[in-house]
Amino acid sequence: MNLVDEKDEKPTRWEKCVEFIMFHFRWVFVVPFLLPLSFLFNTVFDFRNRIVHAVNSAPNAHVRKVKHIQEQLKEWNDNGRKSKLVNARPGWLTMSFRFPLYKENATKIATDKLFDILDLDVEKMTVKAEPGVTMGQLSQYLISRGYTLPVLPELDDLTVGGLINGCGVESGSFKYGMFQHICTGYEVVMSDGELKNVYPDSDNSLFFAIPWSQGTICFLVAATIKIIPCKKYVKLTYKKTETLSEMCEQLTEDSDRNSENVDFVEALMFNKEKGCIMLGEFSDGPDTHDEVVNPIGRWYKKWFYTHVEDLINKKHESIEYIPLRDYYHRHSKSIFWELRDIVPFGNNVLFRYLMAWMCPPKIAFLKATTPNVLRKLYDRSHVLQDMLVPLDKLEECIDLFHKEVEIYPMWLCPFYLKSQPGLMKLRNATHKMYVDVGAYGVTSKDGYHHERTTRRLESFVRSVNGFQMTYADIYMTRAEYAEMFDRTLYDWKRASCKCIDAFPDIYDKICRSGRR
Ligand SMILES: Cc1cc2nc3c(=O)[nH]c(=O)nc-3n(C[C@H](O)[C@H](O)[C@H](O)COP(=O)(O)OP(=O)(O)OC[C@H]3O[C@@H](n4cnc5c(N)ncnc54)[C@H](O)[C@@H]3O)c2cc1C
Ligand SMILES: NC(=O)C1=CN([C@@H]2O[C@H](COP(=O)(O)OP(=O)(O)OC[C@H]3O[C@@H](n4cnc5c(N)ncnc54)[C@H](OP(=O)(O)O)[C@@H]3O)[C@@H](O)[C@H]2O)C=CC1
Ligand SMILES: CC(C)=CCC[C@@H](C)[C@H]1CC[C@@]2(C)C3=C(CC[C@]12C)[C@@]1(C)CC[C@H](O)C(C)(C)[C@@H]1CC3
């Protein structure tokens, strides 16, 4: 592993030694302390949510919480709009590696108190949720009632507010698009305290300006999201691919959104040539006894990505029935493949049977307790990037990722992008199939440099009309950002809704210097 950076801050021998110990023995703290704490937190929060649903107290509490936000904004206006407005959600709770610096001298608005599901409307087929509601909460609530979100991003702790004001993709996205595309309405509070209900047919410019805006236009206080009926299982077909071009051709063919038998498409690359495409279909379960049911979410089961690699090493194609909720959160237990660095024996059979019922550790707790020494190490040699590129540029993109970072597994998730006004407006097509190429992990590639390498990746992504996910480290300049994202509607909306003196500019929130 590339623990030392030749060009920048060179760690001393002593620092290298401390880094080594912290990196390889982080589990000494994580296993006995963070695992039980995470388990306890989840149990208590789950219990609290059940009570809230049982007594149906969320809708009334919502009105109170929104009033409080409006009062905060009124006070800020009365005091002369002196500082910028941000969400009060603390940095350690958010799903990114960095802590926001832009929050330090800003006025913090209490949207972080909004974390309840408000209403399930089975006639209109929508669910209304506050922005702090997590994907784990929604999957548990909806699936037990026979419904699901068409796009339900995998990590349990991702929130509705973050996925709308940031963005979200998942294996249902090849059919339904990004998380923003399954939203039918937003309830927002503007900087002057006005509460608005925003729909595509009432206030369409604001409706399209909100996704990806990072909370720099208004505060989201609830979202109405489409639901679809679901079945108990996903029938998952694993198909091995043996070359990069086979992967690209096959994935393009399989990402046909009109296909009736496919509801989920995702792929993993295990090295530059070997990969696996996984096609899922809602199912009531196996018809015969000799078909495999694999509840991959159970504590003693292998980490999903290792299970996939084992399967394709044995057979070219296999089929399994996976309980729906286990399928959605298939990458949660191993935090994609990040947990292998934190708890190296986490996939060991003994550990799985004895301790893994407390897994995974909460990402927020890990983040809050990451020592500075480790952050420096991660800064130098850890890659976290999701690049969204047109599917027809996938081969070029994987070639480049291989040349620059060579991190496997690599996550490939096709998604349908229709041209709508807003930051993600397509410039030369009405709709197009894109793919999210995700690289997460420590790189040992010679010549890797966090800034220079990321800039080369960003430059490629811009050249193919792609987009970079904004939770990751972004080294683009302001002008380069404006080349990647279409700011026309965003800037107009910021000017017409009096946002310019109220919220930071989006670039100042997502650029590397805005985050620690
Ligand atoms: C529903 C709605 C209502 C609106 N109402 C108003 C209103 O009432 N008043 C108002 O002033 N504005 C309004 N806007 C704002 C609107 O976004 C812009 O004013 C509008 O986009 C003007 O440009 P256009 O549609 O003619 O061009 P567009 O095609 O939208 O192009 C505008 C921008 O797209 C980028 N672009 C396009 N093609 C390329 C390319 N090939 N390469 C690089 N960049 C490219 C450029 O940055 C360009 O400036 C509204 C927007 C929406 C979506
Ligand atoms: N599968 C996927 O698609 C995955 C996506 N991600 C990324 O993680 C992020 C989501 O993480 P999460 O922790 O849930 O969210 P965050 O707290 O990181 O929020 C993301 C952005 O949304 C803004 N925001 C959040 N809530 C509101 C609100 N109620 N009103 C206005 N703005 C709001 C935040 O503003 P502020 O800075 O003021 O707090 C922030 O800029 C997204 O950016 C997503 O792209 C990560 C992993 C997987
Ligand atoms: C579009 C998709 C699927 C994105 C997946 C992104 C995840 C892999 C990211 C989101 C948050 C994330 C950056 C995180 C980390 C790993 C990768 C994560 C989970 C970790 C846990 C790595 C170890 C670090 O010490 C620390 C705990 C700070 C972070 C926290 C955030």
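Just so it is clear, the values below take in all heavy atoms, side chains as well, and ignore hydrogens, waters and symmetry mates. We count ligands from 1, going down the list as the structure has it; atoms in each ligand are counted the same way.
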Kindly state if atom 30 (C) of ligand 3 has a protein heavy atom within a strict 4.0 Å cut-off, that is, under 4.0 Å? yes
Is the shortest distance from atom 12 (C) of ligand 3 to a protein heavy atom below 4.0 Å? no
Show me which atoms of ligand 3 lie under 4.0 Å from any heavy atom of [X].
{"X": "L366", "result": "27 (C)"}
{"X": "M95", "result": "10 (C), 11 (C)"}
{"X": "M469", "result": "1 (C)"}
{"X": "D436", "result": "1 (C)"}
{"X": "K367", "result": "27 (C), 28 (C)"}

Measure the distance from [atom] to every protein heavy atom, then report the residue, atom name and distance (to 0.1 Å) of the closest one.
{"atom": "atom 28 (C) of ligand 2", "result": "N87 OD1, 3.4 Å"}
{"atom": "atom 1 (N) of ligand 2", "result": "V169 O, 3.0 Å"}
{"atom": "atom 48 (C) of ligand 2", "result": "L158 CD1, 3.6 Å"}
{"atom": "atom 22 (O) of ligand 2", "result": "N165 CB, 3.2 Å"}
{"atom": "atom 26 (C) of ligand 3", "result": "T370 OG1, 4.0 Å"}
{"atom": "atom 18 (O) of ligand 2", "result": "T94 CB, 3.4 Å"}
{"atom": "atom 17 (C) of ligand 3", "result": "L384 CD2, 3.3 Å"}
{"atom": "atom 7 (C) of ligand 3", "result": "L155 CD1, 4.1 Å"}
{"atom": "atom 4 (C) of ligand 3", "result": "D386 OD2, 3.3 Å"}
{"atom": "atom 36 (P) of ligand 2", "result": "K509 NZ, 3.3 Å"}
{"atom": "atom 19 (C) of ligand 3", "result": "I335 CG2, 3.5 Å"}
{"atom": "atom 40 (C) of ligand 2", "result": "Q214 NE2, 3.8 Å"}
{"atom": "atom 19 (O) of ligand 2", "result": "G162 CA, 3.6 Å"}
{"atom": "atom 14 (C) of ligand 3", "result": "I363 CG2, 4.3 Å"}

Residue part near ligand 2, for [X], under 4.0 Å between non-hydrogen atoms:
{"X": "E170", "answer": "neither"}
{"X": "C167", "answer": "both"}
{"X": "R89", "answer": "side chain"}
{"X": "P100", "answer": "neither"}
{"X": "Y102", "answer": "side chain"}

Should the pair [X]-[Y] be classified as a salt bridge under the 4.0 Å nitrogen-to-oxygen rule?
{"X": "R478", "Y": "D508", "answer": "yes"}
{"X": "D379", "Y": "R98", "answer": "yes"}
{"X": "D192", "Y": "K498", "answer": "no"}

Heavy-atom contact under 4.0 Å between [X] and ligand 3?
{"X": "L374", "answer": "no"}
{"X": "G438", "answer": "no"}
{"X": "R98", "answer": "no"}

Distance under 4.0 Å to a non-hydrogen atom of [X]: what atoms of ligand 2 satisfy this?
{"X": "P131", "value": "29 (N)"}
{"X": "P153", "value": "1 (N)"}
{"X": "Y471", "value": "7 (C), 43 (O)"}
{"X": "G168", "value": "3 (O)"}

Could you walk me through whether F503 and F219 pass ring pair (Phe, Tyr, Trp, His ring centres under 6.0 Å), step by step? CA-CA 10 Å; F503 298 96; F219 291 105; 5.3 Å; yes
Over 60° means perpendicular and under 30° means parallel, so tell me whether [X] and [Y] are parallel, tilted or perpendicular.
{"X": "W411", "Y": "F336", "answer": "perpendicular"}
{"X": "Y475", "Y": "H450", "answer": "tilted"}
{"X": "Y440", "Y": "W337", "answer": "tilted"}
{"X": "F20", "Y": "H24", "answer": "tilted"}
{"X": "Y238", "Y": "H307", "answer": "perpendicular"}
{"X": "F467", "Y": "F485", "answer": "tilted"}

If only atom types and distance count, is the side chain of S332 paired as donor or acceptor with the main-chain N or O of E154 below 3.5 Å? yes
Side-chain donor/acceptor of T443 to backbone N/O of V405, under 3.5 Å: yes
Say whether [X], considering both its backbone and side-chain N or O atoms, lies within less than 3.5 Å of an N or O atom on ligand 2.
{"X": "T159", "result": "yes"}
{"X": "L220", "result": "yes"}
{"X": "E154", "result": "yes"}
{"X": "M95", "result": "yes"}

For the residue pair [X] and [Y], what are the closest heavy atoms and their distance?
{"X": "D501", "Y": "K84", "result": "O-CE, 3.7 Å"}
{"X": "D157", "Y": "I363", "result": "OD2-N, 4.4 Å"}
{"X": "S38", "Y": "F365", "result": "OG-CD1, 3.6 Å"}

Which residue from W337, Y440, F336, F365 reaches closest to atom 2 (C) of ligand 3 through any of its heavy atoms? Y440
If you measure from each non-hydrogen atom of R26 to ligand 3, which part falls under 4.0 Å: side chain, backbone, both or neither? side chain
What about F345 and F351, are their ring centers closer than 6.0 Å? yes
Less than 6.0 Å separating the ring centroids of Y186 and F207? yes
Among the heavy atoms of [X], does any lie under 4.0 Å from an atom of ligand 2?
{"X": "A88", "result": "no"}
{"X": "T470", "result": "no"}
{"X": "K103", "result": "yes"}

Assess whether side-chain hydrogen bond (donor to acceptor under 3.5 Å, both in side chains) is satisfied between T184 and T224, documenting all intermediate values. CA-CA 6 Å; T184 58; T224 308; 4.8 Å; no
